[in-house]
Amino acid sequence: MPRVPLTRRMRAVSVPGATVEIMSGGENTALESVLEGLDDEQRAAASTLTGPLCILAGAGTGKTRAITHRIAYGVRAGVYDPHRVLAVTFTARAAAEMRSRLAGLGAPGVQARTFHAAALRQLQYFWPVIIGGQMPQLLDHKVRLLAEAAKRLRITTDRASLRDYAAEVEWAKVSTLTPEGYLARAEDGTEQREAPAGLDHRGFSRLYQAYEDIKEDRQLMDFEDVLLFTAGMLESDERVAAQVRQQYRHFVVDEYQDVSPLQQRLLDLWLGGRKELCVVGDAAQTIYSFTGATPDYLLSFRRRYPEAEVVKLIRDYRSTPEVVKLANTLLADRRPGGPTPWPTPLQLVSQRDRGRVPEITQHADDDAEAAWIAAKVREITESGIPLSEIAVLYRTNGQSQAFEQALAAAGISYQLRGSERFFSRPEVRESIAALRTSSLLAEESPDPVPEQVRGVLTSIGFTREAPSSTGAVRERWESLAALVSLAEQLAAERESGFSMREFLAELEERSAAQHAPTVEGVTLASLHSAKGLEWEAVFLAGLCEGLMPISFAQTQRELDEERRLLYVGITRAKTRLFLSSAAARHPGGRGRRKASRFLIPLRKELGLEAPAQRIAPGVGGLSVNAAARKRRAALCASCGTPLTVGTQIKRRRCENCPPRYDEQLFEHLREWRRGYAKELEVPAFMVFGDATLEAIAEHRPGTDEELLAISGIGPKKLESHGEQLKAALAEHLGRA
Ligand code: ATP
Ligand code: MG
């Protein structure tokens, strides 16, 4: 029976059946300190240690804070064995943040993971015992296999339809529907969902089955299989179920409004009928229903567990009254009713002092908007807000390019969130391998770990100064810089005795949890991936019809989800908020795009004339011409497809178009670069990347101006290597 120490003042530790004992003063004070910094409702939640418990509250009201303190309190009170608590959060970053906060609150050792990471661990552990042999390899993308499946069934496809099929397969799997189940639900009318891209339900069901068959033949598993296989193992093998249930006794789920039926099934299996469950969520922040997630489980929690305690929080500690007012206005403006009843959201009440009024601006085109944001970022940092406290959030990942270019042009560092997984990047793998080798070869060095890391990474191309270009070289540098600053951050946190071995162990742990390090830079992220996070200043960009709401949101249900997504965006801001849109996509284009309908009530609230304050093109230090040139660089020079991958942007060519450069000249330039880099004693890619050489071989620039028009060549590179490059070109082309 757990023993619960209790202070005289603390009445709220509700542990039915637990022996409660008043402890001596010293221990009580330490325990009580865990509840410090919580308001009364948060305290009630944090000290209700046994489930079922549901915290139902709006954005920024301290839900995540309350559950973190609850776990720490339970551990320190001796009610929870830290190794028996499983906290499930939505992103790897949130999980890692929770782990470090728990360690800070004196409760290390608690497992905080995403559903996916927790399931993967269990699968890895039990697979060899229960099934035997190698576990199937994890498949990164579904598209390639779906293309094969389509070919097998003689279905003609293109990239866009393949992406739609992948999304539909994901939806079916998280909704726990097999191919037959999918078809049956469509035929009996239970599910009114349309089949994707040019297929009927039967056709899609066959495609889904063919995809599953190919996957199985190749011994692969996809993202959803990790959960499905784990659930399958727990359902079919009593020993597995018993062992997992023995291991975990207390479950906490953050962002519960976005749980999918598959995740819920897994959670139920983990619980095995027990009730030690605490869920936390906000129905107004449901933004993943398009993937099969649903707030129904959150909203019906009391029905499933009639004895559940429900705690509501309404004080918003994150945002200023000005930001909160806009958030409330956006929700209040929603159309009542609709196909899925959306409970009246609680009005948030800001606890912070008054701040600056949010700004709504409209710009001539996307580049002008991005340049304005870059200029504003600079202005904000001058007022003392660090870059890591600033985020630019947008609706689709494809929008990031304009901001990357504008920030790079302004010399502001940034990090992309939600793009390729950090630990899967080739340069990160290469760095970790190099660090590992060096730690094996060398004796334990007396140098501080960050210095050792810098030394090893310098040998594979890291420089103190960031390269001036965007694209692949810059991405590589950002990754290496992130590893260096992680070493610095951990060394500072752990103080003395932090060894290279510990650093490598930490990297391994983070890699397993896909927890990418942060760098000192502006965060560029999609609205979806910003969930649960907060920044001092937030830019919500590209708020025009077609992007917000997104063009494919047509039904009321879909439009409601877009509204909630914008609500999530607004409520990420602590003190500064900027909402912007652009009238045209390209510089010089006709400004036909309309600002988002969601901005109408917000403008009214701010007393702005419609449309919003117009900002002239070019404001922000980038001329329209320069912006146009940069924009041209982001389209494939052969077929005009917009480019989003760094190396493709550099080449100005998408992956489908054949190279147009002179291959002999390219080889000549590579040869020249090899010798030249050797002379300078720098890695070859520090001179020019391959993509830049390809562009040079294609365009054969002769003048400085033509050289500067090549992506990857800025004034700095021109000054350092321009003359030598021109000489190498002249040598091959026989120019005088
Ligand atoms: P979201 O819905 O966006 O996930 P949340 O409800 O989980 O938000 P938290 O992230 O826990 O909110 O808290 C928001 C911010 O308010 C954090 O910076 C947190 O430290 C702060 N905060 C929460 N509660 C308090 C409190 N009682 N006193 C001071 N600050 C608080
Ligand atoms: Mg939260």
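In each ligand, atom 1 is the first atom listed, and ligand 1 is the first ligand listed. Scope of the values below: all heavy atoms of this structure, side chains included, with no hydrogens, waters or symmetry mates.
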Sub-4.0 Å heavy-atom approach of Thr61 to ligand 1: yes
Under 3.5 Å donor-acceptor, Arg76 side chain and Leu105 backbone: yes
Please verify whether a non-hydrogen atom of Ala57 lies at under 4.0 Å from ligand 1. no
Residue and atom name of the nearest protein heavy atom (relative to atom 24 (N) of ligand 1), distance in Å to one decimal: Gln42 NE2, 3.0 Å
Output the list of atoms in ligand 1 that are nearer than 4.0 Å to some heavy atom of Glu255, sorted by atom number. 4 (O)
Do the side chains of Arg576 and Glu536 get close enough for a salt bridge, i.e. N-O under 4.0 angstrom? no
Between the side chains of Thr555 and Glu558, is a donor N or O closer than 3.5 angstrom to an acceptor N or O? yes
Would you mind running through ligand 1 and noting each atom that sits below 4.0 Å from a heavy atom of Asp39? 27 (N)
Closest to atom 2 (O) of ligand 1 (judged by heavy-atom distance), picking from Glu97, Lys63, Glu534: Lys63
For atom 22 (N) of ligand 1, closest protein heavy-atom neighbour: Tyr317 CB, 3.4 Å
Distance under 4.0 Å to a non-hydrogen atom of Gly532: what atoms of ligand 1 satisfy this? 4 (O)
Specify the protein heavy atom at minimum distance from atom 23 (C) of ligand 1: its residue, its atom name, and the distance to 0.1 Å. Arg65 CD, 3.3 Å
Do Glu41 and Lys312 sit within salt-bridge range, that is, some charged N less than 4.0 Å from a carboxylate O? no
Does Gln351 approach ligand 1 within less than 4.0 angstrom via side chain, backbone, both or neither, non-hydrogen atoms only? neither
May I ask you to decide whether Glu170 forms a salt bridge with Lys173, counting only side-chain N to carboxylate O separations under 4.0 Å? no
Is any side-chain N of the basic residue among Arg352 and Asp316 closer than 4.0 Å to the acidic one's carboxylate O? no
Using a distance-only test with no angle check, is there a side-chain donor-acceptor pair under 3.5 angstrom linking Gln285 and Tyr567? no
Can you find an N/O atom of Gly62 closer than 3.5 Å to an N/O atom of ligand 1? yes
Salt bridge or not between Arg315 and Asp39? Use side-chain N to carboxylate O under 4.0 Å. yes
Between the side chains of Ser289 and Thr286, is a donor N or O closer than 3.5 angstrom to an acceptor N or O? no
Between Lys63 and Glu255, is the closest basic N to carboxylate O distance under 4.0 Å? no
In the protein, what heavy atom is nearest to atom 10 (O) of ligand 1, and what distance, to one decimal place, separates them? Arg318 NH2, 3.1 Å
With heavy-atom distances below 4.0 Å as the criterion, list the atoms of ligand 1 near Arg572. 3 (O)
Under 4.0 Å, counting heavy atoms only: does Ala66 come that close to any atom of ligand 1? no
Could you identify the single nearest non-hydrogen protein atom to atom 7 (O) of ligand 1 and state the distance to 0.1 Å? Thr64 OG1, 2.7 Å
